[in-house]
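Read the structure below first, then the notes.
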There are 2 protein chains.
Amino acid sequence: MATPRPTHSFKTPCERCPLRAIAAFREFSGDELEFVAKFKSGELAADAGATILVEGAHSAHLFTVLSGWGFRYKTLEDGRRQILNYVMPGDLIGLQGTIMGEMQHSVEALSPVSLCVFERNKLMTLYNKHSSLAFDITWIAAQEERILDEHLLSIGRRTALERAAYLIAFLFERGRQLKLFTSHASIPITQQHVADTLGLSIVHTNKTLKKLANRNLLRWQERTCEVLDGDGLKAAAGWEGLGEKVRPFI
Amino acid sequence: MATPRPTHSFKTPCERCPLRAIAAFREFSGDELEFVAKFKSGELAADAGATILVEGAHSAHLFTVLSGWGFRYKTLEDGRRQILNYVMPGDLIGLQGTIMGEMQHSVEALSPVSLCVFERNKLMTLYNKHSSLAFDITWIAAQEERILDEHLLSIGRRTALERAAYLIAFLFERGRQLKLFTSHASIPITQQHVADTLGLSIVHTNKTLKKLANRNLLRWQERTCEVLDGDGLKAAAGWEGLGEKVRPFI
DNA sequence: CGCTTAGTTGAGTTCGTTCAACGACTGTGG
DNA sequence: CCACAGTCGTTGAACGAACTCAACTAAGCG
């Protein structure tokens, strides 16, 4: 298991943050931008498979994903793992650890990931002096809550086939909004990740994904899922989608 | 289905808020208290079974539960229902609707519920002028996220027996921290609620709860669950508990 | 070249489902 | 006052979805 390493060589200036070019994200005011640039203390790079945060840790940092894919998960004592959600560019991670003292979940990279690092002790300044950014953080937390609600609905009440279709459609929609796909839509997850997200066994997950593949909704190759028909997946899941709202990030 | 009704006759003054007497909640400063008293625009009472908020609604209000039990849920088109979490005194509801424009879930009362009503349009003032309260709202949102993470772990990876034990232990622990129980610990839910929370059928839920009853961990009578052995339930679930941290409320 | 990881498939078993029926209790209208 | 319908909890029987076990392919890597 690799560990994240600091990137001393390069720090993306917030003024030229690549995320700001994406239509899905809201604009910063000059004032906000100036503060965020000071708030950011560095950058971190993690290899695919690296653990970015561990359950139980008292992290002094808060991160925003700059690029790459990862996931949040929890485990039971005997090793059963549940993936809670996926993290993608613009997502804030470590808020729980910052606010409540201790991480209640772990975060692992699915692909090479780069992260902006923020200092926990400057967070109070953000709340004191930049209420619009404070509101943004609440917005992000409320959005995460909404996604978890949808996941809970899926795992609790959808059939295995609907669940699988929902998950892939969800990841596809998020990736699309973030302009992560070029010619074809490839999601860097294994079937084991899908199983641990849906609460299914790996064998049954495989058979379920095969059914979706047979309907020409997706294709599985080389440890990635290629989406062929996003709308078809949404229809198979009976899922409305996330909406196209402009969202904040820090 | 009854609808909530405003209580014109009586408004609990924030200075004598009954929640403030509970050890689990943090103290307000005089300044904070003064603002919250102005922020609160009224009170609402809902009967057991009443719908407090509906999915899709654009609510102009934010609520804090003063007393009573309720639950948040989502449904699929064909009526399948998933209970996402339970709401209890001190919980903030309607934040999603306030922040993102539209409620993504519904809220229903399990017992008679009384609610403090806050005006959405004063929320920005809270963020501008009272950053400690803004931080509290983020704290509450992060805490809800943590609970949802645990529910997700349960539904996804625990067995039916563990799941049921976890849910009852969770509700018991929350009620205990809020001092909702007097002589015996009674949770006002039906087995249908348990089923819709755990993602199980009502029949299998009944058989599972019977097993817990046979172990003298709980007893079911008159549409309530009486907890006999909270620690036994936690052990049966393999669950650590929530911790006894002092928490904020608005 | 063996070793590991990811994906695939079949067979048998277990867990949770649906269907069905029933008792206890509550509220309601005749 | 009783008859009736509705809700909640309970239980048995049969079915089906998802599980475990097992064996096998294909690809990547030291």
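Every chain is numbered from 1, with letters handed out A, B, ... down the list of sequences.
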With sequence neighbours excluded, what pairs up with [X] under the side chain to side chain contact (heavy atoms under 4.5 Å, CB included) test?
{"X": "A:E222", "result": "none"}
{"X": "A:R223", "result": "A:T190"}
{"X": "B:P18", "result": "B:T12, B:L66"}

Distances under 3.5 Å only, N/O to N/O: pair up the protein atoms with those of nucleotides 17-27 of chain C.
| unit_1 | atom_1 | unit_2 | atom_2 | d |
| --- | --- | --- | --- | --- |
| C:dT17 | OP1 | B:S201 | N | 2.9 |
| C:dT17 | OP2 | B:S201 | N | 3.1 |
| C:dT17 | OP2 | B:S201 | OG | 2.8 |

Are A:D149 and B:Q104 linked by a side-chain donor-acceptor pair shorter than 3.5 Å? no
Side-chain donor-acceptor contact under 3.5 Å, B:T197 with B:Y73: no
Looking at five pairs on each end of the helix from C:dC1-D:dG30 to C:dG30-D:dC1, what is the angle between the two axes, given to 10 degrees? 30°
Please assess B:H151 against B:F170 for the test ring pair (Phe, Tyr, Trp, His ring centres under 6.0 Å), listing each intermediate value before the final yes or no. CA-CA 10 Å; B:H151 288 359; B:F170 166 76; 4.9 Å; yes
With a strict under 4.0 Å distance from non-hydrogen atoms of chain B, what nucleotide opens and what nucleotide closes the contacted stretch of DNA chain D, reading 5' to 3'? D:dC8 to D:dA13
Under the rule for salt bridge (Lys or Arg N to Asp or Glu O under 4.0 Å), what residues qualify as partners of A:R158, not counting sequence neighbours? none
Under 4.0 Å, heavy atom to any atom of DNA chain D: which of residues 188-196 of chain A qualify? none
By nearest-nucleotide position on DNA chain D, the 5'-leaning member of A:E222 and A:L161 is A:L161
So, A:R163 side chain and A:L198 main chain: donor-acceptor pair closer than 3.5 Å or not? yes
Between C:dT5 atom P and A:N206 atom CG, what is the distance in whole Å? 18 Å
So, is A:W220 close to the C:dG7 phosphate, meaning a side-chain N or O under 4.0 Å from OP1 or OP2? yes
Donor-acceptor list for residues 204-211 of chain B side chains, cut-off 3.5 Å, not counting sequence neighbours:
| unit_1 | atom_1 | unit_2 | atom_2 | d |
| --- | --- | --- | --- | --- |
| B:T205 | OG1 | B:S201 | O | 2.7 |
| B:N206 | ND2 | B:Q191 | OE1 | 2.8 |
| B:T208 | OG1 | B:H204 | O | 2.7 |

For A:S59, the side chain to side chain donor-acceptor pair (under 3.5 Å) test, sequence neighbours excluded, returns none
For A:R80, side chain to side chain donor-acceptor pair (under 3.5 Å) partners two or more places apart: A:D78, B:E162
If you draw a 6.0 Å radius around CZ in A:R81, do more than 12 non-hydrogen atoms from other residues or ligands fall strictly inside? yes
Which ring pair (Phe, Tyr, Trp, His ring centres under 6.0 Å) pairs, counting each pair once, include a residue from residues 215-240 of chain A, with sequence neighbours left out? A:Y166-A:W239
